[in-house]
Amino acid sequence: MKSRNLVLAAAVSAALAAPAPKADAGEMEWFGAVYAKFLDGDRRYENALYNNADQTPGEAGGDQGQGIEFELMFRNQVSKQVEIGGRLKARFNQNFWTNFGGFGPQESDERSAQYVKMRGVYAIITPGYEWIDSATIGSNDFGMFDPMTQGKYRYIDRDNASGLLFQGSAFGNDMRWDVARVSLPRLFAGPAFVTRGEDDALKLETNDAAYVGQLRWSSSTDWNATAIGVYVRDKEVAPNELLDDGDNEDIRDGTDVVTRYDNSVLGLKAEYNGFEHFDLSGSYYYSDYNVDEGQGARFSPLLNEDADDTSWFLNLDIGDFLIPDLTFNLQAFHIGADYMSVQAARREQDVLLTSGWMNTFQWGRPDYNYGNRENGSSAAGLGYGGWNGETQQVAGNLMADNDFTDFDEPVAYGVNGYEGFTIVPKYTWNDWEFSGEYSYFDYDSNWQACGGQIANDGTTPTDVGYRTSCDQYPMNENNHAWGLGGDWRNPYAPYQDRETEIFAFNADYFLDLMNGFDLSFRYKFIDDDDDRVKSEAGLADAYGDGYAGAAIDRSSWVFDFDSQFRGCEGCDDRDAEYAQYGISIGYQLHPDLYATFLYDYWDVSLVDGTVDVAKPVESVDGNGFEFSNNFGYLEYMTGDHTKNRVGVLLNYFLSGVEFGASADWFWGDYDPDFYTNDNGRRAKLIPTGEFVATPLGDIADDTVDFDQYRLKAFMKVSF
Amino acid sequence: MRTNKTTLPALKALMILTMSVVMLPDARAEGFMVTDPRGDDFGAGDLVYPNRDDMDKGSLDLERIEVEHRKDGTWFKVRLGRKIPDPKGQLTYVGKEPLQKLARHGFYTFNIDIYVDRDRVVGSGRTDTLPGRKMSVSQNDAWEKAIVLTPRPKVARAYYSMFLEREREKAIEAEKGRVDREDVLQAQEDIQKEISKYFFFPEQISVTGRTIRFFVPDSFLGESASPEWGYSVLVTGCEVEQLSKVVELTPGEFNLMVIPAARGRHRDRFGIVNDSDGNQPPVIDVLAPSIDEQKRMLSDYDTRVDRLAAARAISPAGTISEGSAVGQGGTVAMGTPTRAVGGSGGFSGVSPQPSVRPVPAPVPVPTDSPEARRTIPARLKTLNTLRDDGLISNEEYLALRRKILSEI
């Protein structure tokens with residue numbers, strides 16, 4: 001009794017005691033975290049402590065090693081009107097414990113030298129004037145705007161962006177305004193992933209910026225309206241300022257500039273919440289993009305020609321209407337194929353209601369299938385499954401990079417050109433919770449020859465129609481999913497006639513037994529079809545001179561257009577069906593430890609072209625497709641794929657430190673199928689032997705088995 | 001080639017069948033509902049949301065609380081002003097983990113505290129709230145049970161235990177001059193019992209749209225939630241990663257997973273605008289009969305005498321606490337004293353009518369040092385109350401009194 005009362009007295013006294021003094025003006029507040037990661041897996045790649053998708057030597061992903069990072073955040077209320085703050089953070093990329101302090105070559109490598117970097121320093125000024133609430137100068141993630149205009153910077157870049165932000169309110173806070181100048185990241189914020197031209201003498205970068213303005217009006221709890229605009233301008237020195245290039249090379253009268261590109265985006269949004277059971281919202285955006293052509297779009301997040309386009313969204317949320325605890329979320333959307341918004345963050349999960357491609361058949365770099373350790377660029381991914389793989393650096397917007405991801409983080413998909421609708425019903429009843437989804441996607445980027453003229457000449461690569469028009473669109477690692485597998489960061493294909501349906505169903509149940517079991521069942525089905533070339537003229541244009549977009553000699557594989565493609569518009573079609581079934585059980589094993597056990601099964605059926613759309617590069621040692629060279633982007637994947645996953649997730653919390661772990665075991669198989677052009681019709685090809693012969697090697701018809709193990713564990717201490 | 005096209009209609013049929021089964025007539029027991037004015041998610045009047053894309057006007061605006069009775073407990077359904085954001089697809093601020101791993105219950109942006117006055121007796125019960133709220137509960141609505149809806153219930157409980165253990169060890173050290181292992185073990189055991197007795201952190205939670213529902217068993221409340229009880233409800237932003245002040249590295253108050261407030265506009269804190277006082281509680285919305293009443297409630301504090309803003313309860317049935325009114329204003333809600341009866345398809349509710357008791361002016365306390373001038377009389381008063389209520393022995397009273405007076 002005495003102890004119990006002492007405890008109670010302590011609690012009450014603590015609450016009523018003289019309050020611990022707040023950090024007075026001038027006193028620094030410190031807080032931060034120590035984060036450690038442990039990776040293991042049976043692919044045995046040591047490039048980094050992340051699942052990087054980069055091809056740069058030494059920058060690729062890894063599944064091995066342990067590392068630890070430290071970040072210390074500080075904050076100081078300098079005065080009533082001024083606050084400063086920042087973060088000191090250790091780099092983490094290749095800080096393996098086995099570096100042993102980084103002695104030796106690692107010490108001079110910034111990825112492993114374990115140095116601490118200043119990041120994210122800012123000052124917030126709150127002057128107390130009626131017309132302005134605050135000004136933030138310095139680091140900012142700019143998350144107060146809109147993913148279609150100025151998007152929020154993703155975690156890894158969160159402290160990398162800096163600028164000026166001014167915010168205010170008026171009319172009793174009914175109106176709010178935000179104005180920002182965001183310094184343009186020169187690493188990627190422009191055509192060819194740079195903010196400068198090709199001539200270093202004309203280079204200007206440090207004053208390039210995006211200017212953002214947002215006005216929001218909300219005089220009633222029932223509705224609000226927002227107008228937002230972004231203007232981005234990339235300036236360079238005018239060519240006539242160079243000594244040999246013009247008349248006006250005298251710098252004593254200042255230096256003229258020219259615009260390399262500019263990008264304006266305007267958006268209008270409105271919400272109405274005044275109905276008891278309905279919430280309605282809509283948004284409309286217009287983008288205008290002007291570029292000094294000639295930069296090329298081969299490796300670029302943006303177009304190489306002037307373009308303007310629109311995007312819009314309409315959302316209707318219905319709750320407790322007719323049936324209690326039954327809700328519907330409906331969304332219709334259109335994202336123009338030419339909608340360019342340099343500062344946007346249009347990952348799928350940022351702007352769309354759909355669960356999309358998450359949890360489909362992918363891990364790591366889903367573009368390449370097998371590869372081998374000798375050809376590191378193609379060996380980063382494991383994942384038979386027939387995905388298209390458009391994930392890595394998403395074209396048309398710049399904050400959706402998949403670098404520095406982990407395998408337990410949802411992969412970002414770009415949504416350029418998506419249009420369609422999504423319906424998500426949800427129902428709860430006692431200990432049950434049901435949810436579902438139906439989505440239909442059409443694509444604004446469905447076109448032939450990138451919307452240009454189709455030329456039938458085909459005598460030289462430059463004569464083909466697709467190349468003329470598609471050259472204005474980003475290609476990156478090649479044109480999108482052409483024929484087989486293919487490019488992972490390009491949403492534009494020369495020939496596309498694609499539609500997608502997604503159906504999902506989830507059921508969750510809380511079993512009130514012992515500590516309580518969280519039971520979950522999930523099912524997802526995706527039907528994704530792309531008819532690609534729709535005309536005979538298109539066939540000749542796309543295949544007449546070989547594989548679209550690949551700068552190689554195609555004559556070695558398109559050796560007989562007539563037999564391989566003539567008259568068979570359906571021969572290059574891609575038809576994919578993904579089905580996923582999963583169950584999981586969560587349980588509080590101990591007051592500090594929660595565990596989830598899960599099993600998932602994937603079944604993918606894929607038909608992607610025919611054996612005649614063969615791999616256009618020479619294989620190694622005359623072998624077939626399994627032993628591809630560096631870039632295996634046309635790995636053969638037609639057939640049936642299955643994958644099983646048994647996984648364990650653990651979460652452990654103890655007095656200020658928490659641990660988490662995720663371990664997966666995969667096994668599955670791939671059973672190849674073969675198709676060919678049979679008098680203008682795609683027909684199944686039954687191999688008579690152990691291989692199907694193609695001009696560049698044999699494709700084995702054996703079933704391929706695969707298995708994989710991977711583990712990630714982390715520790716996080718916040719202080 | 002195998003095809004899954006035949007499975008699609010089959011699964012559709014299964015879903016329809018399942019939905020049909022579960023949408024049988026819903027035999028819900030009677031319940032009740034209380035409403036809160038819309039558009040009052042600004043605390044005492046000058047709080048604005050952080051610069052985040054997942055929080056905006058309406059996100060923490062409490063609109064109503066519905067109660068459904070089940071045979072072994074109570075479902076609370078809280079409706080907010082905006083759709084509740086899903087942690088799926090989000091990452092933590094520190095350490096870059098999928099937020100869904102931390103916030104497993106489908107939400108991550110808010111906490112809702114419900115302090116329940118069951119006996120409706122003035123001064124009977126507790127008046128404190130969890131750390132970080134910077135509020136108390138009115139003596140007239142002193143509570144016996146607290147329901148704490150938070151995205152990480154187990155973690156919140158663990159943090160609170162850690163905080164109480166630390167305070168307890170300080171008290172033991174102040175009393176005895178040392179802390180032995182037996183003291184620590186006994187304190188831990190007592191703290192767990194106390195927390196289990198007074199607090200419940202729901203784990204059976206589901207989120208649909210703007211509504212979050214959570215289950216509280218009768219084994220905690222003693223019986224199904226009654227409209228006769230008083231409910232003090234606070235809504236705060238949730239700092240789901242608990243970044244600040246877990247330990248006392250720097251001076252400052254420990255807060256239990258609450259997003260604090262500071263002048264200006266910030267990414268990680270609620271903003272205080274219009275040059276308003278920085279000591280106001282970071283409580284975004286409280287259950288109150290009117291917007292003016294909420295503003296008065298959250299503005300009525302005095303740091304000189306260590307008086308926190310006091311939440312006042314709403315009683316759906318309009319019950320009034322028995323006994324002499326103590327300190328600040330009493331129960332506010334004096335709705336029509338009828339019990340709302342629910343049934344399949346919805347509930348009727350009682351909208352409480354505003355009724356405010358006059359708040360006595362704070363008492364200035366003359367002492368020598370500025371800190372003592374602010375704190376000592378209030379602490380001595382509290383000590384008296386603890387002794388009078390039999391919560392501490394006379395020896396403990398004398399020891400603590402000596403300690404407080406030694407600070408003069």
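Every chain is numbered from 1, with letters handed out A, B, ... down the list of sequences.
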Answer with side chain, backbone, both or neither: which region of [X] has an atom nearer than 4.5 Å to a non-hydrogen atom of chain A?
| X | answer |
| --- | --- |
| B/Lys154 | side chain |
| B/Asp183 | neither |
| B/Ile172 | neither |
| B/Val155 | both |
| B/Arg79 | side chain |
| B/Lys83 | side chain |

Which heavy atom of [X] sits nearest a heavy atom of [Y], and at what distance?
| X | Y | result |
| --- | --- | --- |
| A/Thr428 | B/Ser206 | CG2-OG, 3.5 Å |
| A/Gly168 | B/Arg265 | O-NH2, 4.3 Å |
| A/Ser218 | B/Lys57 | O-NZ, 3.6 Å |
| B/Arg38 | A/Gly274 | NH1-CA, 4.3 Å |
| B/Gly264 | A/Ser134 | CA-CB, 4.1 Å |

What I'd like to find out is whether the side chain of [X] reaches to under 4.5 Å of the side chain of [Y], using heavy atoms alone.
| X | Y | answer |
| --- | --- | --- |
| B/Arg104 | A/Tyr594 | yes |
| A/Ser662 | B/Lys101 | yes |
| B/Asn51 | A/Gln167 | yes |
| B/Arg210 | A/Thr327 | no |
| B/Glu203 | A/Asn515 | no |
| B/Arg152 | A/Glu658 | yes |
| A/Gln81 | B/Arg263 | no |
| B/Asp268 | A/Arg75 | yes |

Heavy atoms only, distances under 4.5 angstrom: which of [options] has the most pairs with chain B? Name it, please.
| options | value |
| --- | --- |
| A/Phe142, A/Phe328, A/Phe714, A/Tyr129 | A/Phe714 |
| A/Leu649, A/Thr126, A/Asp317 | A/Thr126 |
| A/Asp431, A/Asp178, A/Asp222, A/Asp146 | A/Asp431 |
| A/Asp592, A/Ile318, A/Asn224, A/Ile124 | A/Ile124 |

### Message
Counting heavy-atom pairs under 4.5 Å with chain A, which one of B/Val48, B/Asp41, B/Asp61, B/Asp56 comes out on top?
### Response
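Answer, by heavy-atom pair count under 4.5 Å with chain A: B/Asp56.
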### Query
Do you know which of B/Glu165, B/Met55, B/Arg157, B/Gln204 has the most heavy-atom pairs under 4.5 Å to chain A?
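Going by pairs under 4.5 Å, I would pick B/Gln204.
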### Message
Using the ring centroid of each side chain, check whether A/Phe510 and B/Phe215 are separated by less than 6.0 Å.
### Response
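No, too far apart.
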### Task
Answer with side chain, backbone, both or neither: which region of A/Asn273 has an atom nearer than 4.5 Å to a non-hydrogen atom of chain B?
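Its backbone and side chain both get close to chain B.
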#### Entry: Side chain, backbone, both or neither of A/Pro591 within contact of chain B (heavy atoms, under 4.5 Å)
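When you check distances to chain B, only backbone atoms of A/Pro591 fall under 4.5 Å.
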#### Entry: Polar side-chain atom of B/Arg213 near backbone of A/Asn430 as donor-acceptor pair, under 3.5 Å
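It does hold such a pair.
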#### Entry: Donor-acceptor contact below 3.5 Å, side chain A/Lys152 vs main chain B/Arg52
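No.
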### Message
Nearest 0.5 angstrom please: A/Asn651 CG to B/Leu102 CG, how far?
### Response
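Spacing of CG (A/Asn651) from CG (B/Leu102) equals 7.0 Å.
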#### Entry: Ion pair A/Glu83/B/Arg269, N-O distance below 4.0 Å
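Looking at B/Arg269 together with A/Glu83, the answer is yes, because their closest N to O distance falls below 4.0 Å.
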### Message
Quick one about A/Glu130 and B/Asn274 (side-chain donor to acceptor, distance below 3.5 Å, no hydrogens or angles considered), yes or no?
### Response
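Side-chain D/A pair, B/Asn274 to A/Glu130: absent.
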